[in-house]
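Only a predicted model underlies this, so the values are computations on that prediction, with no experimental measurement involved.
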Amino acid sequence: MKKGRIPDRRDLSRLNNWMKNDFMKATTRTFIALDISSDVRSRIRKAVKPLREIYPEIKWVNDEQFHITLKFLGDVPTLEIHEIIAAAERAAAQCEIFDLIMEKFGVFPDRKNPKTLWVGIGDGIEELRSLVGLIENELAPLGFPRDPREFTPHLTVGRVRQTKFRENERRRKPDQGIPRTVDLDIPELTSQEDLFFGCCSVDEIIVYGSELQREGPLYEVLGSVPLQG
């Protein structure tokens with residue numbers, strides 16, 4: 001990797017704390033993301049709460065871990081994380097603060113074969129794509145290839161475990177037997193004209209480390225950089 005900015009004390013402190021953990025390895029599963037406001041987080045949590053009770057077979061994301069992924073980097077040599085933070089800083093310096101509107105639920109790839117349940121983005125999506133482009137440009141010289149797919153920003157709230165879903169559908173609808181396919185027939189996915197979660201100000205980029213555990217992923221902030229004021 002090319003030599004980058006020397007991390008500041010806050011970045012070094014975070015990295016040192018991460019390296020002291022018992023599960024520390026030579027590489028760190030790393031991604032770059034945006035946090036969301038507490039108000040938007042609370043509204044999404046309230047909207048998801050009744051769905052958690054109806055669909056326990058969906059692996060719901062803890063609301064404290066809600067984020068919008070901008071770039072997944074995979075396993076990065078831990079001693080080179082500061083290069084990622086430096087690249088994020090260079091990208092952030094080229095982008096002004098902007099707002100995102102969080103609204104509506106959706107699924108990937110579709111309702112008949114759902115794997116991921118997410119909250120979408122309305123206004124601000126083009127600014128967000130521009131920011132991702134800047135990040136891609138700064139990371140490419142470090143050996144991280146650009147994603148050839150169009151960036152589809154979203155906030156993941158749940159992942160569908162399809163086998164369990166079909167089994168539970170049999171219990172919910174005993175007269176229909178075990179369905180061969182999954183049809184995520186959630187009213188909020190089909191009738192959501194007024195499903196609005198609020199506005200988030202995008203004013204910083206966060207570099208996260210992630211450790212996969214049985215209870216779910218554990219995230220650690222490795223560094224954060226402000227956007228141009």
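Here I36 contributes atom CD1 and R43 contributes atom CZ; the two are 10.5 Å apart, rounded to the nearest 0.5 Å. Here CG of L73 is found 11.5 Å from OG of S210. Values are rounded to the nearest 0.5 Å. For the atom pair I97 CD1 and E127 CD, the distance stands at 13.0 Å (nearest 0.5 Å). One finds the CD1 atom of I101 at 4.0 Å from the SG atom of C199 (value rounded to the nearest 0.5 Å). We find the CD1-CD1 distance between I32 and I68 to be 14.5 Å, quoted to the nearest 0.5 Å. In this structure, the separation between SG on C95 and CZ on R90 is 15.5 Å, given to the nearest 0.5 Å.
Hydrophobic clustering keeps V207 apart from L134 (ILVMFWY residues linked when any side-chain heavy atoms are closer than 4.5 Å, directly or through intermediates).
In this structure the side chain of D39 never reaches within 4.5 angstrom of the side chain of F197, judged on heavy atoms. Counting heavy atoms from C-beta on, the side chains of L128 and L34 come closer than 4.5 Å. Using a 4.5 Å cut-off on side-chain heavy atoms (C-beta onward), V107 and V160 make no contact. In this structure the side chain of V157 reaches within 4.5 angstrom of the side chain of I44, judged on heavy atoms. Within the 4.5 Å cutoff, the side chain of L117 has heavy atoms near those of the W60 side chain. With contacts defined as side-chain heavy-atom distances shorter than 4.5 Å, the pair L139/I84 qualifies. In this structure, E83 and I85 have side chains that are not in contact, with every pair of non-hydrogen atoms separated by 4.5 Å or more.
Of all the heavy atoms in T27 and T78, the pair that sits closest is C-OG1, 3.4 Å. The two residues M102 and I121 have their closest heavy-atom pair at SD-CG1, 3.8 Å. Closest heavy-atom contact between T30 and T28: OG1-O, 2.7 Å. When all heavy atoms of S201 and D99 are compared, the closest pair comes out as CA-OD1, 3.5 Å. Heavy-atom minimum distance, I206 versus S224: CG1-CB, 4.2 Å. Among all heavy-atom pairs drawn from S37 and C200, the shortest one is N-SG, 3.6 Å.
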Derivation of the salt bridge (charged side-chain N to carboxylate O under 4.0 Å, His left out) call for K71 and E136: CA-CA 8 Å; K71 178 74 172 179; E136 294 267 22; 2.9 Å; yes
Derivation and outcome, ring pair (Phe, Tyr, Trp, His ring centres under 6.0 Å), residues Y208 and F31: CA-CA 5 Å; Y208 284 100; F31 64 96; 5.1 Å; yes
Worked check of side-chain contact (heavy atoms from CB on, under 4.5 Å) between D123 and L100: CA-CA 6 Å; D123 292 348; L100 285 182; over 6 Å; no
Chi angles and distances behind the side-chain contact (heavy atoms from CB on, under 4.5 Å) call for L218, E220: CA-CA 7 Å; L218 175 65; E220 176 82 8; over 6 Å; no
Worked check of ring pair (Phe, Tyr, Trp, His ring centres under 6.0 Å) between F105 and W118: CA-CA 6 Å; F105 282 126; W118 47 261; 8.9 Å; no
Audit row: L212, R29, side-chain contact (heavy atoms from CB on, under 4.5 Å) steps and yes/no: CA-CA 9 Å; L212 300 180; R29 189 178 174 87; 4.0 Å; yes
Check against side-chain contact (heavy atoms from CB on, under 4.5 Å), E138 and Q94: CA-CA 11 Å; E138 295 298 337; Q94 303 172 61; 3.0 Å; yes
Test salt bridge (charged side-chain N to carboxylate O under 4.0 Å, His left out) applied to D35 and R41, step by step: CA-CA 10 Å; D35 197 2; R41 188 182 306 276; 2.5 Å; yes
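Side chains of T69 and H67: a donor on one and an acceptor on the other come within 3.5 Å. R146 and N137 form a side-chain donor-acceptor contact under 3.5 Å, judged by distance and modelled atom types alone.
Every side-chain contact (heavy atoms from CB on, under 4.5 Å) that R129 has, sequence neighbours left out, goes to I125, E126, E150, F151, P153. Residues passing the side-chain contact (heavy atoms from CB on, under 4.5 Å) test with Q65, sequence neighbours excluded: V61, N62, P217, Y219.
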